Q: 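One structure coming up, written as structure tokens, with questions to follow.
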Amino acid sequence: MRREGPAGGPAGEGLTMEAKASGQAAQAGPFPLSTLRHSVSHLMASAVEKLYPGAKFGFGPAIEHGFYYDLDLPEPLEDKDLRKIEKEMARIAKRSPKLECETLTREQARERMRAKGQSYKVEAVDLIPEGEAITFYRHGDWEDLCEGPHIDRLDRNFAFKLLNIAGAYWRGDEKRPMLQRIYGTAFWSQEELDKHLAWLEEIKQRDHRKLGSELDLFTTHQEAGGGLVFWHPHLGAVRRALEDFLAKEHTRRGYEFVYTPHVMREQLFSISGHLENYGEMMYDSFGIEEVKYRIKPMNCPGHVMIYKSRAHSYRDLPIRFAELGTVYRFERSGVLHGMMRVRGFTQDDAHIFCTPDQLESEIAGVLELVHVVLETFGYSYTAYLATRPEKAIGEPEIWERAIAALKRGAALRGLPLELDEGGGAFYGPKIDFKIKDSLGREWQMSTVQCDFNLPERFDIHFMDSDGRQKRPIMIHRAILGSMERFIGGLIEHFGGKFPLWCAPKQVALIPIREEHAPYVRKLEALLREDLFRVALMDSPGHMNNKIKDAQQLQIPFMLIAGDREAAENTVAVRKRGTREQVVMPFDEFHALIRKLRDSRAISID
RNA sequence: GCUGCUGUAGCUCAGUGGUAGAGCACUUCCUUGGUAAGGAAGAGGCCAUGGGUUCAAUCCCCAUCAGCAGCUCCA
């Protein structure tokens, strides 16, 4: 899933100084929030110039949750410099609050920027389209080439904070110089700023890498290599629960599970077009008895092999092959990120081979499954239609047919589609889903892709009712995307508080004294027999300590048992995140959690 | 890959140009406790790896590996 990062993800990196912020926050001020933020980025730039004479400026737009400014400075900035800059900003806002606008001709603008040695700005002047006004905004003795608009005065009431420093290529091009980017944010009130900072803090607390170590979920290892995830038993349990759920939903919808090799002859990927179009993502070949092999970056060729293994009648179609297929892709070291961006991952992949007539209803079927699965986790979503990218195979007419089929499939489900121009896979167009998590962040995961090309390349066919060999169509689709990315996202979505059905441990058993251990061990046996995952905390030690441990591990239910409970066959039940306990017969508790589990309830209340 | 930063006990982190500490976790003993941390003792480190500078390097320099904030690119 693509991370539309909250901590200053580039909402709109323009070639102009235009603020493209969504301005999602309530507009409590006299100007739109994005206008305020854009003005504060100017204020920041002027403070930087004061503190670091000779600074050169790039772009400094407002973005989704704040603003940034790209700067070329002789020295690298440190975090503590941000506080210094903030102080200087406050001073400038008080001393020269008035923002004024001036319109210049292109030549004047170029000359003025050249005179100041602002080489990036000189370039920026030429990026302004013909016929558009070229304006400068000034406060005090600092001015910036900028389209505006801005707030009128910098001494209005607002609150701001500079957040972090990072490198950013000039104009987003990795072949160009790297500038220093300062991210910050601003609001019309201190309360709103505080709320935003609390949100950022919550994101930090829920970071899957942090929870991953606190809850003993997964690790990566320097000695094993970056981007390779080791799933510990706790996360293994989560994955197992998801896989069981998926297997049921797929079987119910006529999918059949297959298993294909992880390495295959290089030639296969040459036929499929992967080598040519996806080669830079693939690991080098290696020889087996003089023949070149590759680790697979995708599962499709393997599924085609199975399809090709015999002749098919139109009566066989659609054929739906599903596989939790593990693939390996080269990712540059700097992009690796916990479980979210890795080099080896498992897709909940499937390929549907169908006739042209079946295409739309099959697409609609996939969309239905996507809905059922995402709903189970409480995700809302938006669907995007991704069209032909620059690097693509297949004739444009074929692409048009596929796009039309996706549109009609979505229409069958009444699913509205946003457009993602040029975002398709090299072999066909697709519908991608962006989900919104409990912190309001958007991620990309599910995908449905139409493919007229692989059937052609592998020359697969079916015998139609008219006695002619025809070409089937392939639909590639993944619901979760990758287990790694999806479950990494789930950790953050739930903040480690998994629903009962997929929680690593579902019930903690805590005897009050050691002599109550046999009773809780008896309960453990009953629960395990019913396939519950139980944390039996019967080692010597104090009850309070065990309660603390169980709470910290976010175990949904704690059962505490002493003399009374053992005598009456009851349990004192304490729910995750609460301090109250309810005593009930064990059987009643058992029935309760069975219902919660089997209904895959999101909440344990 | 690029820019900047980081790597000390299983985890979170102190610290020093003369080869190391805390809390939690772990082990053992004591404690028998009714809803978030009982007490004591012990064990645990080639200070990421490889080079260099130095009488001497965990500390300074270089490279490599891994991580962090981003950029670029993606499930």
Side-chain angles (χ1 to χ4, degrees), chain A residues 1-3 5 7-10 13 68 70 72-73 75-79 163-183 207 209-210 213-214 216 219-228 278 280-281 297-298 325 327 329-349 423 425 432 443-447 476 478-486 488-489 510-516 540-552 558-565 572-574 577-581 583:
Chain A
M1 9 192 223
R2 178 194 293 266
R3 178 165 182 163
E13 208 150 359
Y68 66 79
D70 287 343
D72 190 347
L73 299 173
E75 290 294 310
L77 291 170
E78 292 175 46
D79 279 338
L163 296 170
N164 49 7
I165 306 159
Y169 299 111
W170 166 236
R171 295 182 61 196
D173 184 344
E174 61 181 312
K175 292 186 188 66
R176 293 188 179 239
M178 181 158 280
L179 310 179
Q180 298 193 64
R181 175 173 294 181
I182 302 179
Y183 284 101
D207 189 303
R209 294 164 300 181
K210 178 176 156 73
S213 99
E214 285 174 5
D216 194 13
T219 44
T220 58
H221 298 268
Q222 195 176 131
E223 51 276 57
L228 300 167
Y278 205 71
E280 70 278 13
M281 296 292 285
M298 290 192 192
V327 297
R329 299 180 184 174
F330 170 69
E331 294 285 1
R332 301 201 286 180
S333 58
V335 306
L336 302 177
H337 181 89
M339 302 184 73
M340 299 297 206
R341 190 79 182 270
V342 293
R343 288 181 174 153
F345 57 95
T346 301
Q347 298 178 304
D348 63 325
D349 210 354
D432 283 332
W443 309 82
Q444 196 209 303
M445 29 187 169
S446 314
T447 181
H476 308 237
I479 310 291
L480 306 187
S482 90
M483 301 307 290
E484 282 75 6
R485 193 174 277 188
F486 187 85
I510 301 173
I512 285 176
R513 281 199 308 280
E514 227 169 325
E515 68 196 71
H516 307 121
H542 283 244
M543 173 186 69
N544 282 353
N545 204 15
K546 294 174 184 177
I547 291 169
K548 181 209 66 176
D549 287 343
Q551 288 285 21
Q552 284 184 344
M558 261 181 258
L559 300 187
I560 295 153
D563 291 330
R564 294 198 293 275
E565 288 78 10
V573 181
R574 179 166 159 162
T578 71
R579 304 179 83 94
E580 300 92 57
Q581 54 269 312
V583 177

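Convention: sequence-line order gives letters A, B, ...; per-chain numbering from 1. All values reported here derive from a predicted model rather than from experimental measurement. Worth knowing before you read on, the calculation uses all heavy atoms, side chains too, and leaves out hydrogens, waters and symmetry mates.
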Q: Using the C1' atom in both, what is the distance from B:rG52 to B:rA57, to the nearest Å?
A: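 The same atom, C1', in both gives a distance of 11 Å.
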
Q: Which part of the nucleic acid does A:Gly227 contact within heavy-atom distance under 4.0 Å: base, sugar-phosphate only, or nothing?
A: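 Sugar-phosphate, backbone atoms only, no base.
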
Q: Can a salt bridge be assigned to the pair A:Asp173 and A:Arg171 using a cut-off of 4.0 Å between side-chain N and carboxylate O?
A: no

Q: When the distance from CD1 of A:Ile547 to P of B:rG33 is rounded to whole Å, what number comes out?
A: 15 Å

Q: Looking only at the side chain of A:Arg329 (C-beta and beyond, no hydrogens), which of the listed nucleotides B:rA37, B:rA75, B:rC73 gets closest?
A: B:rA75

Q: Counting the atoms with a prime plus P, OP1 and OP2 as sugar-phosphate, which does A:Ala572 contact under 4.0 Å by heavy atoms, base, sugar-phosphate, or nothing?
A: base

Q: For B:rG44 versus B:rG23, give the span between their C1' atoms, rounded off to a whole number of Å.
A: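 Those two atoms are separated by 15 Å.
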
Q: Determine whether a donor-acceptor pair (one donor, one acceptor, N or O, separation below 3.5 Å) exists between the side chain of A:Arg341 and the base of B:rC74.
A: yes

Q: Using the P atom in both, what is the distance from B:rG4 to B:rU28, to the nearest Å?
A: 50 Å

Q: Given the P atoms of B:rC62 and B:rG7, what is the spacing between them in whole Å?
A: 15 Å

Q: Classify the side chain of A:Arg343 versus the base of B:rC74 as yes if they form a donor-acceptor pair under 3.5 Å and no if they do not.
A: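 No such pair is found, so the answer is no.
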
Q: How would RNA chain B look in dot-bracket form, 5' to 3', counting Watson-Crick and G-U wobble pairs with both distances under 3.5 Å and writing | for bases paired to another strand?
A: (((((((..((((....[..)))).(((((.......))))).....(((((..]....))))))))))))....

Q: Measure distances between side-chain N and O atoms of A:Arg332 and base N and O atoms of B:rU72, and say whether any donor-acceptor pair falls under 3.5 Å.
A: yes

Q: Roughly, in whole Å, what's the span from CE in A:Met298 to P in B:rC74?
A: 11 Å

Q: Is A:Phe345 stacked against the base of B:rA75, taking the criterion as centroid distance under 5.5 angstrom and interplanar angle under 30°?
A: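 Yes; by the centre-distance and plane-angle rule, A:Phe345 counts as stacking on B:rA75.
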
Q: What integer number of Å spans the C1' atoms of B:rA66 and B:rU49?
A: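 The answer is 10 Å between these two C1' atoms.
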
